[in-house]
Amino acid sequence: MKDVLEQKIAQVCNELFGVEVGIELTRPEEQFGDFATNVALQLSKQVGKNPREIGEALAVKLRETLTQEVSDVSVAGPGFINLRLTDMALVTGLKAQPAKGLDGQNVVAEYSDPNPFKALHAGHLYTSVVGDSIANLMEQAGATVHRVNFGGDVGLHVGKTMWAIIQELGSEDIEALLTVDLDSPEERAAWLSQRYVEGNNAYENDEGSKVEIVEYNKRVYQLHTEDDHDAPFAQIYWTCRQWSYDYFQYFYETINIKPFEKYYPESSTSGIGIAKATELIDKGILQDSDGAVVFKGEDYGLHTRVFLTSEGLPTYETKDLGLIIAKYEDFKFDKSVIITGNDIIEYMKVVLKVVEQFAPELSAATKHLTHGLVKLEGGEKMSSRKGNTLGALEIIDSAAKAAKEINNDDQAKQEDITLGAVKYAFLKQRMGGDIIYDPKESVSLEGNSGPYLQYAHARARSILRKGNNVNVVAEDALLEEGERSLVRKIGEYTEVIDKAVNDLMPHHVCTYLYELAQTFNRFYEHNRVIDDPRQTLRLGLVQSYADTLKSGLSLLGIAAPEQM
RNA sequence: GCGCCCGUAGCUCAGUGGAUUAGAGCAUCUGUCUUCGGAACAGAGGGUCGGCGGUUCGAAUCCGUCCGGGCGUACCA
């Protein structure tokens, strides 16, 4: 509808003033109309008339031209043209579908990226939820999306944890590890995370331990190159890595996001990265510097960064270089989206600049989307030393407690509500800045919250269950005011989704769905549906509304229960 | 120092390809109420859109500058 109107208005401008303009219709406040354009103000200079005059002339012509779609054209303020749609045009809009802007595209979406041997914290929850939704949006727009995950199963943090594990066990004793009393994935993960904290402390505070940890780090790389599964050290490593993976799996199932198609451990990409880095040294793209291999980012306005350390070990940059190559070999993607925290923006620029040197089309197809940190109220940063960190599952647990106070009879529904609250709380904010997470208030059950939307959906379904007939709004329906507002709002859905896909920003969907639910609740409060002379029409509206709300929530990864 | 990001109501945030009176939620106060499910609806108070300057008929939105905060700035990720 919007596109059609934009084209027709552009044509009218051309006929009237002989100029080519692109029309961008906006959604004004409802009192002004359904669509608005400021084209008269834009044309003013070109045409040499005052905008009000141009607006009036356009309005006259538009009234003649758009009789099917538009019932009223008015000129307001300095020259805005406000269009009011006909009821027929509005009702037609109920059937519109979002554009397939990514039709046929092969896309890789990388997000979540947890490291084995460490804990999952609030940030992992956030990035997983937002990544899942962005992948949903692209899928909805017609893309084939491959969800992948990347994590550091090698690197200094693993050295730290391995060191502490062996300290705890007393020696490199795999039997001792297996007799530690740990049953659930959560318990094992917690045990590992405790070891990491110990290893980290030792690394920072004790020179002797630090030397050992560096050595353990090298041994971990070595066991990968030798594909060692037999030595006790190796067995401890593989066992604990699996514990972490089991825990990740458990976590993703708990938060109910779509499964990952492939998990790339760093150990699998570092070899590819090293091979490429070595090749790039020969080409002069990477170079020696103080015993390390670096990329001279300064030449491109970026930082100089190390790719291979003087120990000969690959850094994050090289592993990521390997990852980009591996992803392309695996999926031959048209587009690759990487979702991470914004603290690695500069790193990624350097990595992509290096990729550009040997495969410009690859770096051009890669988009790095970033989000901020999850912080506590007052903007306080979480830190393990202050003891104010939030575990990923702790957030879910505390939200579950809040949900329980309201509804404690059905386990499955309660989970839907809990996850709805948490996911929505994260998703409703524009991606990029830091998120303030208040354990008490942030995961709310009322107001602009997930449960509000879920409840608004359940209410509508309840009405529909009582109505039980085929609920379609007749094309020639004449709408009353409250009905009209609802139809108008539902009609915005496709525009909003298109925008969210274009920007890859799920919060647009949240903002819209909340407005939609508010519009519905207003309608519902003031208009009878069942046992009203307009029952058939209104049931059609309720149906259309409930379906729209449900579709939108599913893009956010939020369930829309039929009853609550 | 340099680079990037951020600063909108008491708190948490929308709005930033300029445009009709800057919007929500929470909190505070007041109404609706024997509900087609009140996790609701109606309303009130609360804002120099960090400051100053510029571009424009028009700036929260664009440009400059200053203040405040965050992140990055070679062998962590």
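The structure presented is a predicted model; accordingly, all values stated were derived computationally and were not measured. In what follows, every chain begins at residue 1, and chains take the letters A, B, ... in the order their sequences are listed.
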Identify each atom pair where a protein N or O and an N or O of nucleotides 44-46 of chain B are less than 3.5 Å apart, giving names and distance.
none

Set out, line by line, the N/O atom pairs under 3.5 Å between protein and nucleotides 57-63 of chain B.
none

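Taking a centre distance below 5.5 Å and an interplanar angle below 30 degrees as the stacking criterion, A:Phe32 stacks against the six-membered base ring of B:U20.
Applying the side-chain hydrogen bond (donor to acceptor under 3.5 Å, both in side chains) rule to A:Asn38 yields the partners A:Gln42; only residues at least two apart in sequence or on another chain are considered. For A:Lys118, the side-chain contact (heavy atoms from CB on, under 4.5 Å) partners are A:Asn115, A:His157, A:Tyr196, not counting sequence neighbours. Applying the salt bridge (charged side-chain N to carboxylate O under 4.0 Å, His left out) criterion to A:Lys160, with sequence neighbours excluded, gives no partner residue. When the side-chain contact (heavy atoms from CB on, under 4.5 Å) test is applied to A:Arg459, the partners found at least two apart in sequence or on another chain are A:Tyr455, A:Asn521, A:Tyr524, A:Glu525. Legend: residues meeting side-chain hydrogen bond (donor to acceptor under 3.5 Å, both in side chains) with A:His368, ordered by chain and number and at least two apart, are A:Thr340. Partners of A:Glu481 according to the side-chain hydrogen bond (donor to acceptor under 3.5 Å, both in side chains) rule, which considers only residues two or more places apart in sequence or in another chain, do not exist here.
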Practice problem: Sugar-phosphate means primed atoms, P, OP1 and OP2; the rest is base. With that split, encode nucleotides 2-9 of chain B 5' to 3' as B, S or - using protein heavy atoms under 4.0 Å. | Solution: --------

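One cannot find a donor-acceptor pair under 3.5 Å joining the base of B:U73 and the side-chain atoms of A:Glu298.
For residues 529-538 of chain A, the salt bridge (Lys or Arg N to Asp or Glu O under 4.0 Å) pairs, not counting sequence neighbours, are A:Glu480-A:Arg534, A:Glu480-A:Arg538, A:Glu483-A:Arg534, A:Glu483-A:Arg538, A:Asp532-A:Arg538.
Comparing the P positions of B:G1 and B:A19 gives an interatomic distance of 35 Å, to the nearest angstrom.
Across residues 505-517 of chain A, A:His507, A:His508, A:Thr511, A:Tyr514 each have a non-hydrogen atom less than 4.0 Å from an atom of RNA chain B (numbered order).
Distances shown here put a side-chain N or O of A:Arg430 below 4.0 Å from the OP1 or OP2 atom of B:G15.
Around CD of A:Glu207, the count of heavy atoms belonging to other residues, nucleotides or ligands within 6.0 Å does not exceed 12.
Helical stems involving RNA chain B, defined as 3 or more consecutive Watson-Crick or G-U pairs under 3.5 Å, span B:1-7 with B:67-73, B:10-13 with B:23-26, B:28-32 with B:40-44, B:50-54 with B:62-66.
A:Arg241 forms no cation-pi arrangement with A:Phe117, by the criterion of a distance under 6.0 Å to the ring centre and an angle within 45° of the ring axis.
One interatomic measurement links the two molecules: OH of A:Tyr524 to P of B:U32, which rounds to 20 Å at whole-angstrom precision.
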